[in-house]
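Ligands are counted one by one from 1 in listed order, and the atoms in each one are counted from 1 as well. We number each residue from 1, following the sequence as shown.
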Amino acid sequence: MPPRYSPLRRALHWLSALMILWATLSGFGALALAADAPLRLWVEQFNPQVTSVFIPFFAWRCVLRWKAAATDDSERVAHVVHLALYGVTGAVLITGVLMMSHPVRMFSLFTLPELIHDSAWLARLHQWHHAACMALAALVSLHVLAVAWHHLNGRRVLARML
Ligand code: HEM
Ligand code: HEM
């Protein structure tokens with residue numbers, strides 16, 4: 001199958017894949033470590049910075065998808081899963097930014113302020129971030145399995161994204 005997505009959309013897709021797989025595996029992996037383990041502290045400091053930098057790239061991706069929507073996704077189920085991937089990723093990013101209980105120093109360049117100060121709301125947002133991250137992990141697994149399944153059935157959808 002020839003590429004169906006523009007080079008820019010393909011690049012942004014793989015950037016999202018890298019960022020989401022990294023933040024999911026390292027974020028959940030860190031929970032298995034002691035609260036004061038140096039690796040866990042590093043993940044908790046590094047991830048909010050790198051995922052915040054990712055937000056404009058993800059927004060850009062949403063705009064490109066929006067503009068092209070009419071010609072994408074020949075299958076209805078793929079359409080639903082792709083929209084859900086966008087929606088749940090958006091929910092993960094928004095709850096992530098809102099749940100910060102301290103200002104985030106962005107790679108020593110500038111500071112993202114703490115937006116919410118109420119501890120009950122911070123706890124609620126952490127719960128929502130956690131739930132949205134689990135939903136995203138499930139959707140991404142489904143998505144990758146669907147790509148593999150299509151491939152094994154002779155529909156080389158991967159070629160459209162390479
Ligand atoms: C690509 C998007 C993101 C993914 C996949 C992701 C994933 C995760 C995961 C799996 C966890 C561990 C679950 C938990 O602690 O309940 C987590 C925790 C967290 N995330 Fe995210 N996250 C993303 C974006 C963000 C953003 C944009 C921010 C803030 C700017 C953020 C801030 C946090 C914080 C503060 C924690 C809690 C760490 C702690 O316990 O101290 N995340 N994230
Ligand atoms: C390593 C993991 C991944 C692989 C192998 C992969 C593979 C692919 C392939 C082959 C397509 C084209 C499908 C088609 O045209 O029918 C696609 C599309 C898509 N993928 Fe992934 N993907 C991965 C990770 C992700 C992640 C983490 C997201 C989360 C946002 C994601 C979101 C999407 C979306 C929304 C589309 C629809 C096209 C678009 O709107 O850009 N993918 N993926």
Side-chain angles (χ1 to χ4, degrees), residues 1-6 8-33 35-36 40-58 60-69 71-75 77-106 112-116 122-123 125-151 155-162:
M1 285 185 193
R4 171 158 77 168
Y5 304 101
S6 67
L8 182 58
R9 286 186 68 191
R10 283 178 265 152
L12 288 170
H13 171 270
W14 293 116
L15 177 73
S16 316
L18 207 71
M19 184 54 48
I20 289 169
L21 291 176
W22 161 259
T24 303
L25 295 175
S26 61
F28 283 130
L31 293 182
L33 302 173
D36 61 351
R40 177 167 174 169
L41 295 175
W42 179 79
V43 165
E44 286 172 358
Q45 205 198 12
F46 177 73
N47 281 14
Q49 301 182 57
V50 73
T51 51
S52 298
V53 170
F54 168 63
I55 292 174
F57 291 97
F58 184 72
W60 191 7
R61 199 182 154 189
C62 290
V63 170
L64 295 176
R65 163 83 191 203
W66 191 332
K67 286 191 183 161
T71 53
D72 281 358
D73 297 339
S74 47
E75 287 174 56
V77 53
H79 184 68
V80 171
V81 173
H82 290 161
L83 289 188
L85 279 165
Y86 281 106
V88 175
T89 303
V92 165
L93 291 171
I94 290 167
T95 53
V97 169
L98 293 180
M99 73 185 271
M100 291 309 300
S101 54
H102 54 83
V104 184
R105 189 88 192 114
M106 296 289 292
L112 285 185
E114 174 187 352
L115 297 168
I116 291 182
L122 287 175
L125 284 160
H126 193 157
Q127 265 177 6
W128 292 347
H129 189 65
H130 189 88
C133 288
M134 292 210 287
L136 184 58
L139 278 175
V140 169
S141 309
L142 191 71
H143 176 62
V144 174
L145 284 175
V147 170
W149 184 80
H150 277 116
H151 206 80
R155 291 190 57 211
R156 311 212 170 265
V157 290
L158 193 57
R160 296 205 286 230
M161 206 34 110
L162 291 178

Main chain of [Y], side chain of [X]: is a donor-acceptor contact present, judged purely on distance under 3.5 Å?
{"X": "His151", "Y": "Arg156", "value": "no"}
{"X": "Arg10", "Y": "Met161", "value": "no"}
{"X": "Gln127", "Y": "Ala123", "value": "no"}

[options]: member with heavy atom nearest to [atom]:
{"atom": "atom 10 (C) of ligand 1", "options": "Phe28, Phe58, Phe54", "result": "Phe28"}
{"atom": "atom 1 (C) of ligand 1", "options": "Leu136, Leu21, Thr51", "result": "Thr51"}
{"atom": "atom 36 (C) of ligand 2", "options": "Arg4, Arg9, His82", "result": "His82"}
{"atom": "atom 40 (O) of ligand 1", "options": "Glu44, Gln45, Met134, Met106", "result": "Glu44"}
{"atom": "atom 34 (C) of ligand 1", "options": "His102, Met99, Gln127", "result": "Met99"}
{"atom": "atom 7 (C) of ligand 1", "options": "Gly27, Ala132, Cys133", "result": "Cys133"}
{"atom": "atom 28 (C) of ligand 1", "options": "Gly96, Ser101, Ala137", "result": "Gly96"}

Any heavy atom of [X] sitting closer than 4.0 Å to ligand 1?
{"X": "Val104", "answer": "no"}
{"X": "His126", "answer": "yes"}
{"X": "Asn47", "answer": "no"}

Quiz prompt | Plane angle bin for Trp60 and Phe57 - parallel if under 30°, tilted between 30 and 60°, otherwise perpendicular | solution = tilted
Quiz item: Mind checking whether Phe58 and Tyr86 have parallel, tilted or perpendicular rings, split at 30° and 60°?
Solution: tilted
Going by the atom numbers of ligand 2, which of them fall below 4.0 Å from some non-hydrogen atom of [X]?
{"X": "Val140", "value": "27 (C)"}
{"X": "Val157", "value": "10 (C), 16 (O)"}
{"X": "Tyr86", "value": "35 (C), 39 (C), 40 (O), 41 (O)"}
{"X": "Leu158", "value": "10 (C)"}
{"X": "Ala17", "value": "24 (C), 27 (C)"}

To the nearest 0.5 Å, how far apart are [atom1] in [X] and [atom2] in [Y]?
{"X": "His82", "Y": "His143", "atom1": "NE2", "atom2": "NE2", "value": "5.0 Å"}
{"X": "His150", "Y": "Arg160", "atom1": "NE2", "atom2": "CZ", "value": "8.0 Å"}
{"X": "Arg61", "Y": "Leu8", "atom1": "CZ", "atom2": "CG", "value": "10.5 Å"}
{"X": "Asn47", "Y": "Ser26", "atom1": "CG", "atom2": "OG", "value": "4.0 Å"}
{"X": "Leu21", "Y": "Ser16", "atom1": "CG", "atom2": "OG", "value": "10.0 Å"}

Quiz prompt | Polar atom proximity, Thr89 to ligand 2 (N or O, under 3.5 Å) | solution =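 No, since none of the N or O atoms of Thr89 sits under 3.5 Å from an N or O of ligand 2.
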Of the side chain and backbone of [X], name the one, both, or neither that has a heavy atom under 4.0 Å from an atom of ligand 2.
{"X": "Trp14", "answer": "side chain"}
{"X": "Val144", "answer": "side chain"}
{"X": "His150", "answer": "neither"}

Exercise. Report the C-alpha distance between Met19 and Val50 in whole Å, list the side-chain angles of each, state the deciding distance to 0.1 Å, and finish with yes or no for side-chain contact (heavy atoms from CB on, under 4.5 Å).
Key: CA-CA 8 Å; Met19 184 54 48; Val50 73; 3.7 Å; yes
Quiz item: Going by heavy atoms, is Arg61 under 4.0 Å from ligand 2?
Solution: yes
Which residue and non-hydrogen atom of the protein lie closest to [atom], and at what distance in Å?
{"atom": "atom 35 (C) of ligand 1", "value": "Met100 SD, 3.5 Å"}
{"atom": "atom 3 (C) of ligand 1", "value": "Val92 CG1, 3.2 Å"}
{"atom": "atom 30 (C) of ligand 1", "value": "Ser52 OG, 3.2 Å"}

Practice problem: Provide the number and element of each atom of ligand 1 under 4.0 Å from a heavy atom of His130. | Solution: 13 (C), 14 (C), 16 (O)
Exercise. List the steps and the verdict of side-chain contact (heavy atoms from CB on, under 4.5 Å) for Leu64 and Leu12.
Key: CA-CA 10 Å; Leu64 295 176; Leu12 288 170; 3.7 Å; yes
Quiz item: Does the pair Ile55 and Val97 meet the rule for a side-chain contact (heavy atoms from CB on, under 4.5 Å), with working shown?
Solution: CA-CA 10 Å; Ile55 292 174; Val97 169; 3.6 Å; yes
Quiz item: Is any side-chain heavy atom of Leu136 less than 4.5 Å from a side-chain heavy atom of Leu85?
Solution: yes
Exercise. Go through Leu122 and His126 one step at a time and tell me if the side-chain contact (heavy atoms from CB on, under 4.5 Å) criterion holds.
Key: CA-CA 6 Å; Leu122 287 175; His126 193 157; over 6 Å; no
Exercise. Decide, counting backbone as well as side-chain atoms, whether His129 has an N, O or S atom less than 2.8 Å from atom 21 (Fe) of ligand 1.
Key: yes
